[in-house]
Protein chains: 2
Amino acid sequence: MTSSKPKVLDRIDLTILDVLQKNGRISNSTLAQRVNLSASPCLERVKRLEHEGYIESYGAFLNASKLKYGMTAFIQVTLDRTTADIFNKFRAEVIGIKQVAECHMVAGGFDYLVKICFEDMAAYRALLGTIVELPGVSQTHTYIVTEHVKRHSGVPIFD
Amino acid sequence: MTSSKPKVLDRIDLTILDVLQKNGRISNSTLAQRVNLSASPCLERVKRLEHEGYIESYGAFLNASKLKYGMTAFIQVTLDRTTADIFNKFRAEVIGIKQVAECHMVAGGFDYLVKICFEDMAAYRALLGTIVELPGVSQTHTYIVTEHVKRHSGVPIFD
DNA sequence: TTATTAGCCGAATAAATTACCGTAAAAAAA
DNA sequence: TTTTTTTACGGTAATTTATTCGGCTAATAA
């Protein structure tokens, strides 16, 4: 037997996830203090949480405004035919657009909700032109974001 | 003179941002190799990028499905009166809801676009009930996410 | 009870972080 | 052009951290 049992996460595991989600670059020794463990079992738990897939990756949150991507918009996209082929082509191409921060297929009125980031209205027009030309796109509607009320709040750990 | 000049980011700075955005927990020494610097000037640059606000924070991306928040939806929210007071109250309360992953004020048809995560439809109903009761809410429309085509792609660094 | 397992601590060592200094190249001033 | 100043680099060394390993303890199962 190689696989380990699907152990339930205890309070310490959850605290580790909560801390790492908010401070991905904390040192293991500091993390250990936070959860009242010594360094070795703490590191063991972090490794386990990574290997079991609870932690998918680590990243840095950058200031988009300082990097010329200070504006955000959501574009509702409707495709003209809902065949698997059309969907696949659209997906493949939209993923390749760097300014597309997110793209979700949705139920409830249109097909895709695309979140984009860009510098100014000129960049927006160019980007919209690109998206309108994607395979199968029949109509779009844009909502420009005027204020970020809440952003990258992670997964709720302690309710 | 205490403040430093607003230096333009060079290729090395941009590479550092690009790498950290995708791998927030990389060690400084490995990062230094990637950008062909020794450890000390590399660390200096990272610290500078943090202090100048290019890097806002670091985080871990968790697997929401394994943590009982596998479903996502976007809720369009319209408020009944558009006074500053109503907006402020709504903002203050929506921020406090843990399952609200994002909330954006938007122009183009309704007032707020709220992204929520939840476990199942029972949890969704409870959450929608909470949101409908928030100060000033007059109507909502929900789009359930059926597929994540693209997620947490960061800010484009190299176009 | 006894064996087994899981999970912890602490020590030892390897590695990384971080501050400091000397140097060289580039920029600014003379 | 020459000198001065600034900037950014690399190397070194002290400190801190990561990581491995052995052994202890408590809970569980036989």
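Order of the sequence lines fixes the chain letters, A, B, ..., with proteins taken first and strands second; residue numbering starts at 1 for each chain.
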Looking for any heavy atom pair under 4.0 Å, which part of the strands does [X] touch: base, sugar-phosphate only, or nothing?
| X | result |
| --- | --- |
| B/S38 | base |
| A/S40 | base |
| B/R48 | nothing |

Worksheet item: If you pin A/N36 and A/R25 to their nearest nucleotides in DNA chain C, which one's is more 5'?
Response: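 Whichever sits nearer the 5' end wins; that is A/N36.
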Integer-rounded Å distance: [N] [atom2] and [X] [atom1]:
| X | N | atom1 | atom2 | value |
| --- | --- | --- | --- | --- |
| B/N28 | C/dT18 | CG | C1' | 9 Å |
| B/L43 | D/dT16 | CG | C1' | 13 Å |
| B/H51 | C/dT18 | NE2 | C1' | 13 Å |
| A/E44 | D/dC21 | CD | P | 12 Å |
| B/K47 | D/dC9 | NZ | P | 15 Å |
| A/I26 | C/dT17 | CD1 | P | 15 Å |
| A/I16 | C/dG7 | CD1 | C1' | 13 Å |
| A/D10 | C/dC8 | CG | P | 8 Å |

When you get a sec, tell me which of [options] is the closest nucleotide to the side chain of [X]?
| X | options | value |
| --- | --- | --- |
| A/S29 | C/dC9, D/dA18, C/dT17 | D/dA18 |
| A/L37 | D/dA8, D/dA18, C/dC9 | C/dC9 |
| B/I12 | C/dT18, D/dG10, D/dC9 | D/dC9 |

Practice prompt. Look at the side chain of B/H152 and the backbone N and O of A/G59, then say whether any donor-acceptor pair between them is shorter than 3.5 Å.
Written response: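 A pair under 3.5 Å: no.
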Fill in: A/T30 side-chain N/O to A/I26 backbone N/O, donor-acceptor pair under 3.5 Å
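Checked: no pair found.
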Worksheet item: Going by the ring pair (Phe, Tyr, Trp, His ring centres under 6.0 Å) test, which pairs reach into residues 11-54 of chain B, not counting sequence neighbours?
Response: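 Sorted pair list comes back empty.
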Worksheet item: Does the side chain of A/Y58 come under 3.5 Å of the side chain of A/E50 through a donor N or O and an acceptor N or O?
Response: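 There is such a pair between these side chains.
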Fill in: Flag for B/Q139-B/H141: side-chain donor and acceptor within less than 3.5 Å
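No donor-acceptor contact under 3.5 Å links the two side chains.
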Fill in: D/dC9 OP1/OP2 closer than 4.0 Å to side-chain N/O of B/R45
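Checking D/dC9 against B/R45, a side-chain N or O does come within under 4.0 Å of OP1 or OP2.
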Worksheet entry | Nearest-nucleotide comparison on DNA chain D, the residue closer to the 5′ end among B/A39 and A/S27 |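 Closer to the 5' end of DNA chain D: B/A39.
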